[in-house]
Amino acid sequence: MGKEMKKHPIIVCRCENVTLEDVEKAIDEGYTDLESLKRKLRIGMGPCQGRTCLPLVIRILARKLRKSPDELLIPTSRPPISPVPMKVFLAEGEDDNEE
Amino acid sequence: MIMKSELIIIGGGIVGLYSAYFLAEKGFNDILILEKSYLGSGSTFRCATGIRASFTTEEHIVLLKESINLWKKLSRELGFYYEQGGYIWLFRNEEQLKAFTEFSKLHNKFGVPTRIISVDEIVEKVPMINTEGLVGGLFDPIAGKASPFQAVFSLENALKDKGVKIRTLTRVKKIIAENGRIKGVETDSGTFEADKVLIAAGYGSRELAKTINVDLPLNNVPHHALVTEKFKEAFKPLLIDWTYSAYIVQVQHGNFLMGMDIEEKPQQPLYQRVDFIPKMARVATRLFPWMRNVNVLRYWTGYYVMSPDRHPIIGPVEEVDGLYIATGFSGHGFMMAPIAGEVVSEWIVDGKPKYRVAENLTLRRIKEGKFIHEKAVFG
Amino acid sequence: MPSSKKIDRRIWEHPILEFKRGKEVRFYFEGEEMKGYEGESIAVALYASGIDIFSWTEDNRPRGAFCMIGKCSSCFMVVNGIPNVRTCREPVRDGLRIERQRGLPDIPRVTRDEEGLESKTLETDFLVIGAGPAGLSAALKAAEYGLDVILVEDHFRLGGQLVKQTHKFFGSKDLFGGLRGFQIAEELSKKVSSNPKIKVFLETLAYGVFKDLTIGLASKKGHYKVKAKNILFSTGAYENYLAFPGNDLPGVMGAGGAQTLMNEYGIRPGDKVLTIGAGNVGLIVSYQLLQAGAKVKAIVEAMPQIGGWVVHAAKVRRYGIPIYTRHTIKEVWGNNRVEGATIVQVDEKWQPVPGTEKDIDCDLVIISVGLTPDTKLLAQTGAKMKWIPELGGLVALRTKYMETTVPGVFVAGDAKGIEEATTAIVEGKIAALTAVLRVLGHVDKAVEERRQLVQYLEQYRQSPLLSRSRRGIEKATIES
């Protein structure tokens, strides 16, 4: 039946197309915190800001290293939390210096 | 158990890593690198990724020209992204054009082939630019860009192969000296002994130097950058809109990375400022009106570690035997890291750097007030 | 190749829901004219017409609907020459020209339509971010005591996930017992929209926390900086993903995505379904799929027992849907979309047991393996966070009055930890009352009302059905 159809990879990061194999390989190579994995594989650097991949990778990493996720350097959340088109920011307003 | 190494490098950023690399190349590999968080977590992973030699002093031009050669060589050997896509400095009035025409003469004198280009030539290289208000530019053909992430990870692997030890999540609290010579460092995971210490700790350097009564007159000034979503390659050079102290570059993966100077006080903690994205968006859409419909993906802040004359402080500290510094890169640490690392290795192993001009960059010049002022930098 | 076969996945007869579709609109997809209805998003209108592939990745993998609530990036398409448009949130309109994105997009065309965009600084007593049950309840409660409220929601509709719930709620009349989720959403939304003290910003994203807790808002109308005396993060949660071969194919969707399609827009998400996960969400969504006219072939649950409540499991069983415990998904197959799946039994160590594979003929696979609180914005305030698995992940530490370690910063609803709509409603009120007390000083009525609500929650959470979240909340609660 359909199983003769093409084999599909296991995708962990949909935005940057990172597979489970990529993640496990990187962890085995010694990238054992999320900040480093993020820079190495680009997980969490796409438009979904890690919502899809990070919880999955946190669980994989925590299981492999037998550590609590608190110890895994969960990446800092940065604005904007969802992509925003630049034109939104063009309106003239009181954008003076903050101080 | 107290570990002893010949050299402890404080700081796992691009400068610390390149320093260890060049030292190891000279056979000096009894090195321990101590990084308080993860490698690159300081300014390295936050930088603009640009590499140029088009500065305004002999020190910068000569050393960065060599740094570019090292970037080219090592990116191939170690396998990370580096591209010599050039820089274009964009000018909006005649004074700027005149000033940079003079600078270009200095570049050419030292073998850096920059040249003034017309607006038409700018359009040839960046077809989708809005030329309104531009009067011309300076093209630096040997400038380029690289991936800080890939560079750090490749260096890390190379160093491990060479037997250099790296400890992350280890914060140095104090540098220890006795009778004017280095003894080691005290960290949050215990004491480590060493005959030599290199402070390559970016924005942490000033505080660390204080622990050993060395005054480094550096100012940590927050800087801001943002990155957009990815697109097919649109232009190769890194662009500097000199009037607005802004830069825009397209990184390897297709995102546009950009930043600009906004007024900041030194030693401020890194705050996210609500006025940065609007200011940046105005500059970006002035140059590229189509960026109105480009999404901002992420905004972050990082430090420029500013020295009084915008040149780094590299070399031995005379007051303390065995103490070396490589910091104060004033916003161009990433590009200088290879040559800085090589100069550090020459100070430590050979007692003197190969390039005479590198000797002008020690702490002594600061103490003697012999500042070398750099003009072609932001801030 | 655009299909000439006219597919219509819209549900025209539903046992519980009545879909009010707006006027018909005509738009173009890859050159072909299509129709949609005002009130639908672009992704919805396309899906309704049988378009399930929205884009092709750089490695030529097809992508389609996944979360449908603006949290993933699977629905990005080129709209009128502008790439990376989040079509699950972009309303469909007459004349739009839509194309699939293929790999990296070209730079967009220029538009100069920012006339009328404004940039303003707003001040308020109470900023509520997220208009689900917690946010709506909080806004109403604060307005009741005279506070000025700004309510921000990034969708074009109030109600959050309540809008998609068709089952009747349990509990007291105060807490909408006997009403269906979408009816509660309607009631709360109506009250909020007509309340003069509540300024509502729809299609507005609270995108960042800046110095001194200034919150940045972004919408098609412009950019706003809000300086609020109190801020409530009622930002809900998002679906967990699952790692199995084929998990990015069109036809693999989060449970919430399927719910959005069928209950918010009246689109049947698939015809033959496999549900992964037998927690409440998995069971409820399976039941809702039946209501939407789909056939649920099986539900798999890796644990030895069903995680959801008996009442939901019973409903599902009554319809003859097999629930396979100690089973998980092995893989999904198909050329460019789900055409079938294989499930397999797992042993005590979660390892697949060879020889127990079963093929399931399906065209839709629903992932329902838990939710993660959406605390991305809250984390930027500097509030102390902690990883608490019973609550779904990284959550803020907070007092019993829902205040985090940053004074004036509150959390309520699924953003504080995964629980349910009823607790979200009560928490929203508690947070609002605390904000009221911060603004007005001591008010007997508010103090007493808050005390009663806190007590109610403590009692409500004694139920064995809530033991997991109760344990999590104990870990998250700090002294006031």
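Note on naming: letters A, B, ... go to the chains in the order of the sequence lines (proteins, then strands), and numbering restarts at 1 for each one.
- Within 6.0 Å of NZ on C:K227 lie no more than 12 heavy atoms contributed by other residues, nucleotides or ligands.
- In this structure, A:V88 and C:H223 approach most closely via the heavy-atom pair O-CB, 3.5 Å.
- Of the atoms belonging to A:P55, it is side-chain heavy atoms, and not backbone ones, that fall under 4.5 Å from chain C.
- Residue A:L56 touches chain C through its side chain alone, counting heavy-atom pairs closer than 4.5 Å.
- Counting all heavy atoms, side chain and backbone alike, A:P9 lies closest to C:N247 at O-OD1, 4.1 Å.
- Counting only N and O atoms by type, the side chains of A:R51 and C:N240 include no donor and acceptor under 3.5 Å apart.
- The interface of residues 34-45 of chain A with chain C, defined by heavy-atom distances below 4.5 Å, is empty.
- Crowding of C:K358 atom NZ: a count of heavy atoms from other residues, nucleotides or ligands under 6.0 Å exceeding 12.
- Side-chain contact annotation: C:S73 with A:R14, donor-acceptor N/O pair under 3.5 Å absent.
- Contacts of residues 61-78 of chain A with chain C at a heavy-atom distance below 4.5 Å involve A:P69, A:D70, A:I74, A:S77, A:R78, listed in sequence order.
- Counting heavy atoms from C-beta on, the side chains of A:T52 and C:Y238 never come closer than 4.5 Å.
- More than 12 heavy-atom neighbours from other residues, nucleotides or ligands sit within 6.0 angstrom of CD on A:E29.
- Between C:L249 and A:H8, some side-chain heavy-atom pair lies under the 4.5 Å cut-off.
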